[in-house]
Participant: 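Provided herewith is a single structure, encoded as structure tokens, for subsequent inquiry.
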Amino acid sequence: MEITIALVGFGNVGQALARLVDAKNPALRENYGLNISITGVSTGRHGCAIDSYGVDISRMLEAIEQTGSVSGMHSGKPIIDTPDFIRRVPAEIIVETMPLNPESGQPALDYLRLALHHKRHIVTANKGPVAFAYQELKSLARQHNCAFLFESTVMDGTPIFNLVRATLPLIDIQRVRGILNSTTNSILSRMETGMSFENALQEMQQAGIAETNPSYDVDGWDAAVKITILANVFMHARLTPHDVNRTGIGALTVDDVQAALRAGQVIKLVCEARYEHGAVTASVKPVALPVSDPLAQVRGTENIVSLETDMISRITISEGEAGPTATAYGCLVDIINIARGYR
Ligand SMILES: NC(=O)c1ccc[n+]([C@@H]2O[C@H](COP(=O)([O-])OP(=O)(O)OC[C@H]3O[C@@H](n4cnc5c(N)ncnc54)[C@H](OP(=O)(O)O)[C@@H]3O)[C@@H](O)[C@H]2O)c1
């Protein structure tokens, strides 16, 4: 069976997904009788291309590397913009990997609405639309008999949403805690060794780990967006990132971090969502955790999430260092699930 996908966003994750599709198609055919064909790519400033027969992935990657644009791979009526692309591309699934807008989820949110109105399944690695409109996108998808999957939005490709959906039916998740932002966790790990906050942040920026706008990490925005998603998906809350009680790590000093260590504690930027007085509340704030807490063990760019439930007291899943390939893998898993009938 042929499954057609279109990539909205062709940066680190979009390109990693294209490489993964190219590398894994033989195994997909062998194991699942599936072949993924990429019928279009849309970017912000690097052009768009549609090829209803399926693009040549190596040529597409070469084009963007050598010419900085994919437009040379397009023939036919010019594509005006991404909405025009979404309307016209002959793809069953739109895979959206655009940059995060933590204040509104836009414009990606409108693009996903448009895709659903055109009866396309959607897969996204972008946290914004899920954090701001999970319930709406879910019901829109249901209305159009489409799938809406977003495994890579939290902890890259580590299967937390699939884990709960596929293996924990009827579970009641009462509390979620996690360390979900790699930049702040790495900064805090470095401050434990005596490095200043400013130098640690600079190292993260040089390594390409920190967001372009460091406030998204340091002030807890990225973490707030992620805990919003977990609260809305796992606890049926209707929060937006603006509802999260948020404190970043900018006011912490090396002395604070090292004093905590001497007291047998580790300071972490902890995300939490819990039922309180009949409603779900969420927070992101630095917390001094006892070293015995599983969340205290997570170093550098590793992430962790811990679910407290009515059936199994605690389920904890942690992720080693990740990157665009792990994120692209989460998208690939979503695509395979849709191809196998998940709605
Ligand atoms: N990198 C990771 O490991 C990782 C992990 C988890 C989640 N994510 C999430 O995945 C998403 C993608 O991350 P990334 O690292 O791949 O980002 P990126 O390298 O900045 O790529 C973003 C892509 O989106 C395109 N884009 C921007 N505006 C667009 C528009 N209006 N229409 C179509 N395309 C548009 C960009 O095109 P131009 O370059 O031409 O503007 C670029 O191709 C983000 O939301 C990120 O938070 C990433």
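Start at 1 and go down the list; that is how both ligands and their atoms are numbered. Because the structure is a prediction, the values reported are computed rather than measured.
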Participant: For R177, is there an ion pair with D293 - N to carboxylate O distance below 4.0 angstrom?
Facilitator: yes
Participant: State plainly whether the residues R274 and E308 are in salt-bridge range, i.e. N to O under 4.0 Å.
Facilitator: no
Participant: Could you tell me whether the side chain of P107 reaches within less than 4.5 Å of the side chain of M98, counting heavy atoms only?
Facilitator: yes
Participant: So, for D110 and Q106, which heavy atoms are closest and what is the spacing to 0.1 Å?
Facilitator: N-OE1, 3.0 Å
Participant: Please list, by chain and number, the protein residues whose heavy atoms come under 4.0 Å of ligand 1.
Facilitator: V8, G9, F10, G11, N12, V13, S42, T43, G44, R45, H46, T82, T97, M98, P99, L100, Y111, A125, N126, K127, S152, D156, G323, P324, T327
Participant: Please determine if R19 and D22 form a salt bridge, counting it only when a charged side-chain N lies under 4.0 Å from a carboxylate O.
Facilitator: no
Participant: Going by the salt bridge (charged side-chain N to carboxylate O under 4.0 Å, His left out) test, which pairs reach into residues 71-97, not counting sequence neighbours?
Facilitator: D84-R88
